Each structure stands twice: as structure tokens, then as C-alpha cells.
> 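Mind having a look at this structure? Questions to follow.
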Amino acid sequence: MSNFLTIDKRTHYCADVDISDVEKEVTLMGWAHRRRDHGGVIFVDLRDRSGMIQVVFNPEAGQSVHEEAHKIRSEFVLALKGKVRKRPTGMENPALKTGEIEVVVSELEILNESKTPPFSFDETDISENIRLKYRYLDLRRPAIQQNLLLRSKLAAATRNYFEENGFIEVETPFLTKSTPEGARDYLVPSRISKGMFYALPQSPQLFKQLLMVSGFDRYYQIVKCFRDEDLRADRQPEFTQIDVEMSFVTESDLISVMEGLMAQVFRKCLNRELTIPFPQLSYADAINRYGKDNPDVRFGLELADLTDILPQSNFKLFREVIAAGGVVKAIKLDKSSALSRKELDELKDFVAVYGAKGLAWARVNVTDWTSPIYKFLSADEVKKINEKMNTSEGDTLFFVADVPRVVHDSLGNLRLHLAKKLNLYKADDLSFVWITDFPLMEYSETEKRYVSMHHPFTSPRLEDLALLSSQPDKVRARAYDLVLNGSEIGGGSIRIHRKDIQNQVFSVLGLSDEEARSKFGFLLDALEYGAPPHGGIAFGLDRLTMIMTGAESIRDVIAFPKTQKAACLLSDAPSKVSIEQLMELSLKIV
RNA sequence: GGGGUCGUAGUUAAGUUGGUUAUAACGCCGGCCUGUCACGCCGGAGGGCGUGGGUUCAAGUCCCAUCGGCCCCGCCA
């Protein structure tokens, strides 16, 4: 029996051994990343979470060690002891952090063997179903380990910041009450109360408001949230929020505390200094200029509104769209980014996804345009458009005419598509922007009623209160989103702390008093017992980590993620349960 | 719910207008090799093309269905 683990404790992580350790005896443990067997001397790259170091087995070191080394295969788990030495001149490996040195092994124990892994850890484009099935192996890859390491640093920096600033971390329940508004709930059947269900929280929203009523004053929590909706590249059904709530604050107080958080987090995790305060943009301006409420402001390509120029146009399509209350908008691509005719045509398909029935384009020449729609436009219209969009020779214009939503969706996304395709921004740019003055509610055609844009506990702006019953969609909310590089990384609001206003909002949302009582009675009650003015915000930890690591998928910043069908290929969840389990819960599969 | 795309040795891919025994690289196994680091050299094994139907003399190639991965629309207060 060897002394490894019991007497010979690990002295270093592999990549932490350096030139100053030469002549020292070290004990290392890790995985055999690669073996190079020269018949005589054998080299093994020993890997752990820190990185790699080359270890050497010389035949002279002793026959038994050398024989044991012959058995080493990929991913065998090794414990070894040896002396650090500088590599012979000319044998250094500059690609390796530890490339100047190596460890000459005197003792070796194979702590565990390994089957040949199903994929190579050097390979970068392994199909994702294989990676997810063997996630514990996928997670050995340094790139993913780095992502999770940064995620850990981000969480730590966040906790430090809040602790330093007088916030208290409080846990809130996972087994809680289903809420009618918002996303679809994950339900958990109650065994004790037959036919009753808990819901997993979409967010700890109501509980953190209650904590303000309790007087905690400053709350935070890094917490899982659950929404049973379809997945995207940046969306999982269970995700992590940095959840915050503060009492006796206004929007500007909260915003500046959160800017401090961002500054600290980026300094500690990425050693980057942010310029604060961040710029702010109203929701209306964001939509008008960028077509989206999560605008990527790293580049221009802003939308220009041409509706005023074209109501009498000879171009029937524009004229009719405007007459029907629609808008005509355009974006301008600089001449340095000219596209081929084929590429221009392909963009039609791109905007069709967002409901655009067409995409008109124009190439600006010295005196005219090259464009399918040029012949329909008057010289005056062309002149006014050229002036409004400040065109110069070689620029390309893209027009969409439709109802505002379609125009904004298609041009807003076309703008992102072109910027990415044509590299109009630098990969490491960081452009934060607060979006403010959201509408409190909007009319839902599917539900035939007004629905909250944020959530029903968001405070209306006091000066808009009078409009609440007459023109609900004109009421602005005291809500704010933080957008980074076109990604909504956080959103929050000042909440309603008065019962009468909360009731009024519920009523406009079509919630009867009885419904409001049965769903949110506990909140309404709490508002009657000295609820302080309060507000908060929640950040998406996963999305923030994605941006900080440059990950293209949320799965690359989550240790054990779900597939698009919300399945876990590793554990095979979700799965069937036994009839006994169902009976215990009084459940029947229909 | 809908649109798109992919599925061929362990992995990554190639596979002509359907046509002999389905290719390659890496990996794996065996042998040789004392300074490699994607070690090298020699030899070898390994799949019947996601699954199920169909068309055909003949299907990895065509058709239908189905399962799964990814991207998107809807959805995500």
C-alpha cells in the first residue's frame, strides 16, 4: 500500500509548480492528459484544474516505477512524487505555462484507471448531445472550467459587494404559490394536501417585497428561478438571478447602487474599469432608434423614421401603409460595408421571420439611387430621405413599411444581423445602457385585456396615475432594465407600496377583487401594515457570465444544463415515475 | 404550436445523376523506439449509415413517418 493521500499529501496544483521550485520534491495528483512513450523515457502531461505539467519517467529511476508508467493511458488518475528540474536547453515548451520545467518521477501510483473517453478534450466541435451525455468529462475541458471559475468569481464579487453595502442575504421558498400572471409555472404536487400544488418560483418577487415590509431594508439573494417556457441560446427553464430589493429609495438611488455593483464585479473578475454612471435611454427612444427595448448600442445603424416624408408617395405600398397607420423606417449601411446583390436578396428572408412582407433596398449613387423602388419615388422624396439619413455615395439603405411592431422587429434584428456579419463592433466592447420609462401595461390581443409589461407590482409614475383607468397603455412605469451589448442582463422597478394603488392596478389588469385576494391576499394584507416605499432589481447571472466569458450558449456557463427540449441528457430527466409515486400524490396521467 | 438545419466507425468528417467489399484523419489495440510535447515508425481491429416503413433489380443516397441535437418565430409579467 502506498503512502499517497494518507502521508504524501498533494503539495502543488500542476500548473502552480514553477521555476522557483527547481530541485524541490513535489507531490502531484491529476489526470494523464497525454502520454508519449519513447520506449525508454516516457513523458506524461499531468492535468488538473490549474493546467498541465510534463512529468518524466526515466528507466534509471527504477524498474517498477517505469513498468507502472507503461500502463498509463488517457485520463488515468495518477499520484506521483518527484523532483522538479529545469528542462534541458532547447527542450522547453513555450506553449505550456510550466514549459520551462518538468518533474522527474520517483514514485507513482495509478489511483484509478479510465475507459478511453468518448471524445478528445482537445477537440472543440464535438456534437453537443455527446458532450451533454458525458457532461462530467466535458467539464474537464479547460475552456468550460474557466467559464465556471469566472461564474464563481462573479458570485463571490457580488456577495462581497452586497455585504460591504449593508445588504442581507435571505433565502426564500422554492415550494410556493402559483401566480396567474407571467410565465408558465413549474408545478409540484402536494402529497399532504391532495389535489393541491406548489409552484416553483418564477422569481422571489413577492417574498422580497414582504422582507421590505419586515424592515430588512436591503436584501439580496443569488437564487434559482424557474419558468416553464421554451428555451433559447440564452434561456434555460431554471436559471439564476442576482435578486435585490431596497427600501426608502428612488430609481436613481437604486440605479447608482447597481452601477457600483457592475463596476466592482467587472473590476474584480475581468480587471476592467467601467465608466459610470451608465447612459439612460427611454423605452420610446430605444424602440424608435434601435427597434428593440434591449438595444445593442456598440454601433450605429440607427433606424430613421421616414413616415413624414412619404404619406403622398407614388409608391403605393408606402402610401397605403402610412394611410393605415403604419410607419416607414430605414437603416443605412456605410459604403465600406457594401453587400452583393445576392446578399441583399437573402436579407429579405431574414426579415420575413419577423413578419416583414418585404425589404426594399437602395444603393446611393452620386445623383440617383440604384434600387427597385427608385422609379416610384419622387425626386423630392429621394432628396428628403438622403438629407434625413445623411447619405453619401455608396451607402446602402434598407426600408421596411408595416405596422410599427413589424418595422421595429425586422429592422431592429436586421441591424444586429448586419453588425455581426460585417464586424461593426469589437468583441470586447462593453456598452451598458439603462432603459427607462417603460409602459406600465400593454394590450394583449390574445388575452383581450391589458397585461403588465414588467409585473403587476410595478409602480406607475405618479404623474401618470390619472390615466390608469382611462388610457392604461399611456401610463409609464417606474421600471428600468439594464442592457449590456444588446442583452437584457437585469430589470426591476420601484414597487407599489400602497394598497389602493395595487388594487387599482389589479382592477385594470382585469383581476376581480376575489381573484386578487385569493392570489395575492397576503401581499395586499402586508401593504396595510406599514409597507415602506421600496424597489428592486434582478440580474441574470447566467447571461452576465455569458457576456463576461464570451460564451455563445447559456449551456457553456451552466455545469449541468438542459437541452432545447428541457431534458438533461446526463441524468435522463425528466423521466417516468412509478405508479406508486403517482398514487401517493393522487395523480393520474391523462 | 410553427420554420430551418444536422444525424455515416469511439470522435470529426467525405461519400458523384441510387450501382461491386462504405472512405479518411484522429483515437483505440499490438510491436519497435531514451527528449518528446498533436512524438515518430510498422502492423491491426472497429461501422452498415439515428429508428421504422416504402419505392426500386439495387438505397447511406429517393419518398413518408418517427426520435434526438442545435438555431429561430410564437412564448419568456
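Note on naming: letters A, B, ... go to the chains in the order of the sequence lines (proteins, then strands), and numbering restarts at 1 for each one. The figures here come from the full heavy-atom set of this structure, side chains too, leaving out hydrogens, waters and symmetry mates. The model shown is predicted, which means the values in this text are computed figures rather than measured ones.
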> Students often get this wrong, so: under 4.0 angstrom with heavy atoms, is A/I130 touching a base, only sugar-phosphate, or nothing?
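Answer is sugar-phosphate: A/I130 comes under 4.0 Å of backbone atoms only.
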
> Have a look at B/G48 and give me syn or anti from its glycosidic angle (syn if within 90° of zero).
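The base of B/G48 is oriented syn (glycosidic angle within 90° of 0).
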
> If the sugar-phosphate is the primed atoms plus P, OP1 and OP2 and the base is the rest, what is the B/S/- string for nucleotides 45-51 of chain B, using protein heavy atoms under 4.0 Å?
-------

> Quick one: do A/T172 and A/Q221 satisfy side chain to side chain donor-acceptor pair (under 3.5 Å)? Show the steps, please.
CA-CA 9 Å; A/T172 50; A/Q221 187 181 187; 3.1 Å; yes

> Counting only heavy atoms from other residues, nucleotides and ligands, does the tally under 6.0 Å from NZ of A/K83 exceed 12?
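Result for NZ/A/K83: open.
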
> Considering only the C1' atoms, how many Å lie between B/C29 and B/G53, rounded to the nearest integer?
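That atom pair is separated by 39 Å.
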
> Should A/E68 and A/K71 be marked as a salt bridge (charged side-chain N to carboxylate O under 4.0 Å, His left out) after you check the CA-CA gap, both sets of side-chain angles, and the distance that decides it?
CA-CA 5 Å; A/E68 194 69 0; A/K71 299 180 190 162; 3.0 Å; yes

> For the CG atom of A/L527 and the CD atom of A/Q502, what is their distance to the nearest 0.5 Å?
6.0 Å

> Using the C1' atom as the reference point in each nucleotide, state the distance between B/G48 and B/C72 in Å, no decimals.
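It works out to 35 Å between them.
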
> On RNA chain B, compare the nucleotides closest to A/D125 and A/R85; which residue's is nearer the 5' end?
A/D125

> Assign each of A/P117 and A/E92 to its nearest nucleotide of RNA chain B by heavy atoms, then name whichever residue's nucleotide is nearer the 5' end.
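The residue mapped nearer the 5' terminus is A/P117.
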
> If a protein heavy atom is under 4.0 Å from the base, mark B; if only from the sugar-phosphate, S; if neither, -; do that for nucleotides 66-76 of chain B going 5' to 3'.
--SSBBSBBBB

> Looking only at atom C1', what distance separates B/G7 and B/A14, rounded to whole Å?
15 Å

> Whether A/E245 and A/R495 form a salt bridge (side-chain N of Lys/Arg under 4.0 Å from carboxylate O of Asp/Glu) is what I want to check.
yes

> What distance, rounded to whole Å, do you find between the two C1' atoms, one in B/A59 and one in B/U16?
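Those two atoms are separated by 15 Å.
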
> Provide the distance between the two C1' atoms, one in B/C57 and one in B/G15, to the nearest whole Å.
23 Å

> Only counting residues at least two apart or in another chain, list the ones meeting side-chain hydrogen bond (donor to acceptor under 3.5 Å, both in side chains) with A/R555.
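Partners of A/R555 by the side-chain hydrogen bond (donor to acceptor under 3.5 Å, both in side chains) criterion, ordered by chain and then number, come out as A/E128, A/S553.
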
> Within the structure shown, what part of the strands sits under 4.0 Å from A/S203 by heavy-atom distance: base, sugar-phosphate, or nothing?
base

> If I take atom CG in residue A/L137 and atom C1' in nucleotide B/U11, what distance separates them, rounded to the nearest angstrom?
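For the pair A/L137 CG and B/U11 C1', the rounded distance is 13 Å.
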
> Partner lookup for B/C49, please. Criteria are Watson-Crick or G-U wobble with both distances under 3.5 angstrom; report none if nothing qualifies.
none

> Applying a 3.5 Å limit to both distances, which nucleotide forms a Watson-Crick or G-U wobble pair with B/U12?
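Pairing partner: B/A24.
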
> Taking CD1 from A/I42 and C1' from B/C33, how many angstroms apart are they, rounded to a whole number?
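It is 11 Å, rounded to the nearest whole Å.
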
> If we ignore angles and hydrogens, is there a donor and acceptor under 3.5 Å between the side chains of A/D185 and A/S178?
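Indeed, the side chains of A/D185 and A/S178 share at least one donor-acceptor pair under 3.5 Å.
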
> Can you tell me how the ring of A/H70 sits relative to the ring of A/H66, calling it parallel under 30°, perpendicular over 60° and tilted otherwise?
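Taking A/H66 first and then A/H70, their aromatic rings stand perpendicular (interplane angle over 60°).
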
> With A/D542, which residues qualify under side-chain hydrogen bond (donor to acceptor under 3.5 Å, both in side chains), at least two apart?
A/R151

> If the P atom of B/G54 is compared with that of B/U61, how far apart are they to the nearest Å?
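Each nucleotide's P atom is 14 Å from the other's.
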
> Should the pair A/R415-A/D296 be classified as a salt bridge under the 4.0 Å nitrogen-to-oxygen rule?
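Salt bridge between A/R415 and A/D296, a charged N being under 4.0 Å from a carboxylate O: no.
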
> Hey, could you give me each pair passing side chain to side chain donor-acceptor pair (under 3.5 Å) that has a residue in residues 562-572 of chain A? Not counting sequence neighbours.
A/E238-A/K562

> Calculate the interatomic distance between A/R73 atom CZ and B/C29 atom C1'; express it in whole Å.
9 Å

> How far does the P atom of B/G1 sit from the matching atom of B/C63, given to the nearest Å?
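Going atom to atom, P in each nucleotide, I get 25 Å.
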
> Name the nucleic acid region contacted by A/E102, choosing base, sugar-phosphate or nothing; use a 4.0 angstrom heavy-atom cut-off, strictly under.
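Here A/E102 touches the bases of the nucleic acid.
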
> For A/S120, which contact category applies under a 4.0 Å heavy-atom criterion: base, sugar-phosphate, or nothing?
nothing

> Can you see whether A/Q54 engages A/R36 through a side-chain donor-acceptor pair at a distance of less than 3.5 angstrom?
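A/R36 and A/Q54 do have a side-chain donor-acceptor pair below 3.5 Å.
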
> Suppose we define a pair by two distances each less than 3.5 Å, Watson-Crick or G-U wobble; what does B/C70 pair with here?
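Partner of B/C70: B/G4.
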
> Please report the distance separating the P of B/G44 from the corresponding atom of B/G35, rounded so that it comes out in whole Å.
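Taking atom P in both B/G44 and B/G35, they lie 27 Å apart.
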
> Pick out the pairs of N or O atoms, protein on one side and nucleotides 38-42 of chain B on the other, that lie under 3.5 Å.
from: B/C39; atom 1: OP2; to: A/R34; atom 2: NE; distance (Å): 3.1
from: B/C39; atom 1: OP2; to: A/R36; atom 2: NH1; distance (Å): 3.1
from: B/C39; atom 1: N4; to: A/D37; atom 2: O; distance (Å): 2.5

> How would you label the contact of A/P456 with the nucleic acid (heavy atoms, under 4.0 Å): base, sugar-phosphate, or nothing?
base

> Would you kindly give the CD-to-P distance between A/E100 and B/C37, to the nearest whole Å?
18 Å

> Mind checking whether A/Y450 and A/Y443 have parallel, tilted or perpendicular rings, split at 30° and 60°?
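Perpendicular, since the angle between the ring planes exceeds 60°.
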
> Could you walk me through whether A/L200 and A/K224 pass the side chain to side chain contact (heavy atoms under 4.5 Å, CB included) check?
CA-CA 9 Å; A/L200 302 180; A/K224 275 281 180 72; over 6 Å; no

> Can A/F119 be called stacked on B/U11 when the rule is centres closer than 5.5 Å and an angle between planes below 30°?
no

> Using whole Å, report how far CE of A/M91 lies from P of B/U36.
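So the two atoms are 5 Å apart, to the nearest Å.
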
